[in-house]
Amino acid sequence: MAPSIESQFRTCAVTGLKVHLPAQRLILANAVAAVVFLLVGGILALLIGLTRWPAVQLLPADLYYRFVTAHGINMLVFWIVFFEVAGLYFGGAVLLNARLVQPGLAWIAFILMVAGALLTDWIVFAGKADVMFTAYVPMKADPLFYLGIILFAVGAIVAVSLFFATIIVAKAEGRTSGSVPLVTFGLLTAAIIALFTLLAGAITFIPTFFWSLGWIPTFDPGVYRVLFWAFGHPAQQVNLAAMVSVWYALTALTVGATPINEKLSRTAFVLYILFINLGSMHHLLVDPGLSSPNRIFNTSYFMYLAVLGSMIHAFSIPAGVEVAQRAKGYTRGLFEWLKKAPWGDPGFSAAALSFVIFGFLGGTSGVIIGTMQPNINVHNTLRVPGHFHATVVAGTTLAFMGLTYYVIPLIARREIVGKAWAKYQPYIYAMGIILMILGMNFSGMLGIPRRTWDISYAGAPLAVKFPESVYTTLGLVGIGAAIAVLGLLIFVGIAVASLLFGKKRA
Amino acid sequence: MAKAEREKEEIHVPGTMALVFIFFAWFATFYFLAWWVLSGAWVIR
């Protein structure tokens, strides 16, 4: 006789949630894979950062471009998507006290993603795909590079579909009733955007794969760019929606915050679904193949409706924390609630730092360079990585690090090893990232190009001269990257040590 | 809407409002600083 469904659950002693054991194993597998790719991307980040620092210029040109390609793919795709799949299984099964449907299929999805990621990395490190993250046609990589990305995307599509199915089955089996919790709702919006993203990725990379094999004679570069950004930027909007969900989760776990107006927060998530993908057109603001009204309308009008969503969260989340803290008696003055927040809890500090850096540096710089005129000036400069490192690295990655400090005890049921290190880790990481972002932004404002190995263009027929101050700002990039990677290594060390040697919890 | 429900909706978050104003002040500074720097520092002459 098959074991009953109930025997596949355990009850969490801390949260009271019913945890589906097959889902628990999948959450852990995806989270561990995520951290492994984060480590690969992080080591590459250090090497790249030290190469962009002209006083060091560590790598030779060929390795630099190879590692920039690998860094982009490992960080923007593999680390983030593996962690998001872990998040989806958590939000879909654990938060709803439900079972994850078809765990066997979820393992096949995981294997596909791992195989795709390893294949892509192997081809890139073998020097057969020095085409950068964007892989713009007509630059051609080895066909296996595109195949690796396609395998990864197919696995991710299966995982996202299982998340949808899990919610539907949870409702059908009466595990949950009414609206799903806000965190799951946020993850649902992330999953909807992910489905769009992954399908756009398939439309982009399958023809590119055929083109690289010679089955299709040409691929219009202008069409490729539009298709690629229907994948490339929405992929970051998945991060955005997932990150905001994690902010809500972490503020609930650390200070007991609840949204001050849940309907408003849900509306803000819906704004992401409706408008943020149209804002992807900002990547093409200087692209000559598209009309100006098209570019301006999508970026300077529709994008702001998505920004409105972020503004709502930017008010709602600290307001939820303030209400929770004031209810505990921290009512003196304007900011006692903030001063008495648990700043030593890495879950809270990671969420708070992620929130502040994302908003103050990432969001604002995104809105500025999403406008046509500044974009013409800073397009393809270091200002652009200065923006997206504030959103994805400081924002998403830091938030996910914060959640990991709760995933390990609650899902892996291990005590965190090195709690004192964990206390300071988010600050070290954030300090490095801030220095790096500022260095990138200032360098970009002074005209320093992104992705370029040698800013002096030695041997070029037309000399390009930059102000002397760029040597300081690029030095900031290198120093900031080194400090941030130190923070990242501490994080990985704590996560691995806790999983392997952490004291087992009941 | 019943009076009790209306009262429940009234939320006292002065600290968050102050943070919102700090954010807008920062954004305005950052935004116009960017325009000022870009309009003068990187012009083809």
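These numbers were taken from a predicted model, which means no experiment stands behind them.
When heavy atoms are compared at a cutoff of 4.5 Å, B:Phe24 approaches chain A solely by way of its side chain, counted from C-beta outward. Heavy atoms closer than 4.5 Å to chain B are found in both the backbone and the side chain of A:Ser365.
Using a 30° and 60° split on the angle between ring planes, B:Phe23 and A:Phe360 fall in the perpendicular class, above 60°.
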For this session: Would you check, one step at a time, whether the test side chain to side chain contact (heavy atoms under 4.5 Å, CB included) holds for B:Leu19 with A:Phe315?
Result: CA-CA 9 Å; B:Leu19 293 178; A:Phe315 176 75; over 6 Å; no
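Using a 4.5 Å heavy-atom threshold, the side chains of A:Thr364 and B:Tyr31 count as separate. In this structure the side chain of A:Val367 never reaches within 4.5 angstrom of the side chain of B:Phe30, judged on heavy atoms. In this structure the side chain of B:Phe32 never reaches within 4.5 angstrom of the side chain of A:Ile368, judged on heavy atoms.
Heavy-atom neighbours of A:Phe442 CZ from other residues, nucleotides or ligands within 6.0 Å: at or below the threshold of 12. When the shell of 6.0 Å around NZ of A:Lys339 is examined, it contains 12 or fewer heavy atoms from other residues, nucleotides or ligands. Counting non-hydrogen atoms of other residues, nucleotides and ligands closer than 6.0 Å to OH of A:Tyr301 gives a total of 12 or fewer.
Within the structure, every pair that satisfies the salt bridge (Lys or Arg N to Asp or Glu O under 4.0 Å) test and touches residues 306-324 of chain A, not counting sequence neighbours, is listed here: A:Glu322-A:Arg326.
Separation of atoms NE2 (B:His12) and CD1 (A:Ile260) is listed at 13.0 Å; rounding is to 0.5 Å.
The minimum heavy-atom distance between B:Ala18 and A:Leu334, with the atom names listed, is CB-CD1, 4.1 Å.
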